[in-house]
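Atoms within each ligand, like the ligands themselves, are counted from 1 in listed order.
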Amino acid sequence: MKPLIAGNWKMNGVSASLGEADKIAGLVAAMKSAPEVVVCPPATLIAQLVRRMQERPVGVGGQDCHPKSSGAHTGDISAEMLADAGALYVIVGHSERRQDHGETDDVVKDKAEAARRAGLIPIVCVGETEAERRAGRHEAVVRRQVAGSLPNGEGPLVVAYEPVWAIGTGLTPTLEDIADMHRLVRELAGPAVRILYGGSVKPQNAHEILGVENVDGALVGGASLKADDFFAIISSAKGAR
Ligand code: PGA
């Protein structure tokens, strides 16, 4: 399957930052063989980015959506609204949302199903905390999250394995640990699901991480904010030329 490199800008970026996406699109367009590339900017930039990426090889995604399609939910954005703005993907269940907003597996599953309902491809995030890994509970935790957060029904799906202790810390699991966790997710999620690794992916470690079996791409936070770094990661995908 074609690798997917997704950038998660988190709560970073204003209109002036869209130049970075322009630069990425130009670099990806010049590749002989490119992975699929998606940028998930803050919601305020989605419509602008979609306009700028028309006919260009960079897709646009949201970072979260509400389970309902509309209603009295001040500050929330529905999957239908993201689709209407031109998004193709939406991240759901990122650990920062699970932690900061108390999102449970049930809520994440509802959001993933909302994404499908709206015609978006959900990127469902799972991953253990540092304490859970130290206690040897990482497999059990990810098993529970995959069982509880993945949407029912048919359709394209992306799962991102992101150990919480690796996000924004510069720490990464060993390649063997990544291989073990991705094998587990593959067993649980099935052969058709793209499984991304996320957590401190950088130009320096991208090639070896993206070369691991069952790693079908990366979800990149910090290093997706600078076009040169993000492009170095894109160029490290399997089959990229
Ligand atoms: P990071 O974030 O690449 O900055 O570690 C990854 C993520 O949270 O998706």
Side-chain angles (χ1 to χ4, degrees), residues 3-13 17 20-21 24 35-43 45-46 58-65 82 87-101 103 108 111-112 115 120-130 132-133 138 141-142 145-146 149 157-175 177-178 181-182 185 193-210 212 215-237:
L4 168 65
I5 308 295
N8 172 12
W9 283 11
K10 308 191 179 185
M11 200 172 73
N12 297 290
S17 322
E20 293 300 311
I24 291 158
E36 188 176 349
V37 178
V38 169
V39 170
C40 303
L45 295 179
I46 288 176
V58 173
V60 179
Q63 298 178 8
D64 176 51
C65 65
L82 293 174
L88 302 172
Y89 286 85
V90 62
I91 299 168
V92 294
H94 191 281
S95 62
E96 287 152 15
R97 300 226 35 114
R98 289 180 187 260
Q99 280 174 351
D100 298 355
H101 300 268
E103 293 187 5
V108 175
K111 291 182 171 199
L120 301 176
I121 302 176
I123 302 175
V124 181
C125 301
V126 298
E128 80 283 359
T129 63
E130 188 180 6
E132 288 162 344
R133 165 131 332 232
H138 44 287
V141 167
V142 168
Q145 290 176 331
V146 170
S149 339
L157 176 63
V158 180
V159 174
Y161 169 62
E162 301 203 299
V164 177
W165 52 273
I167 295 175
T169 58
L171 302 172
T172 51
T174 64
L175 299 180
D177 286 342
I178 293 175
M181 296 307 283
H182 279 245
V185 176
V193 171
R194 279 199 285 195
I195 309 172
L196 311 185
Y197 169 79
S200 295
V201 178
K202 304 267 178 278
Q204 297 78 356
N205 60 20
H207 187 77
E208 55 179 22
I209 291 175
L210 290 167
V212 172
V215 174
D216 306 316
L219 182 55
V220 184
S224 72
L225 296 171
K226 290 259 174 303
D228 290 336
D229 286 353
F230 194 44
F231 183 66
I233 294 168
I234 292 166
S235 313
S236 305

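- Relative orientation of the His182 and Tyr161 rings is perpendicular, given thresholds of 30° and 60° on the angle between their planes.
- Between Lys10 and Glu96, at least one side-chain N (NZ, or NE/NH1/NH2) sits under 4.0 Å from a carboxylate O, which counts as a salt bridge.
- Taking both residues in full, the closest heavy atoms of Pro42 and Gly13 are given as CG-O, 3.9 Å, listed atom of the first, atom of the second, then distance.
- Between Asp64 and Lys111 there is a salt bridge, since a side-chain N of the basic residue sits under 4.0 Å from a carboxylate O of the acidic one.
- Formation of a donor-acceptor pair under 3.5 Å by the Asp216 side chain with backbone atoms of Ile195 is found in this model.
- For ligand 1, the protein residues placed under 4.0 Å by at least one non-hydrogen atom are Asn8, Lys10, His94, Glu162, Ala166, Ile167, Gly168, Gly199, Ser200, Leu219, Val220, Gly221, Gly222.
- Panel note: side chain Glu130, backbone Val164; no donor-acceptor pair is recorded below 3.5 Å.
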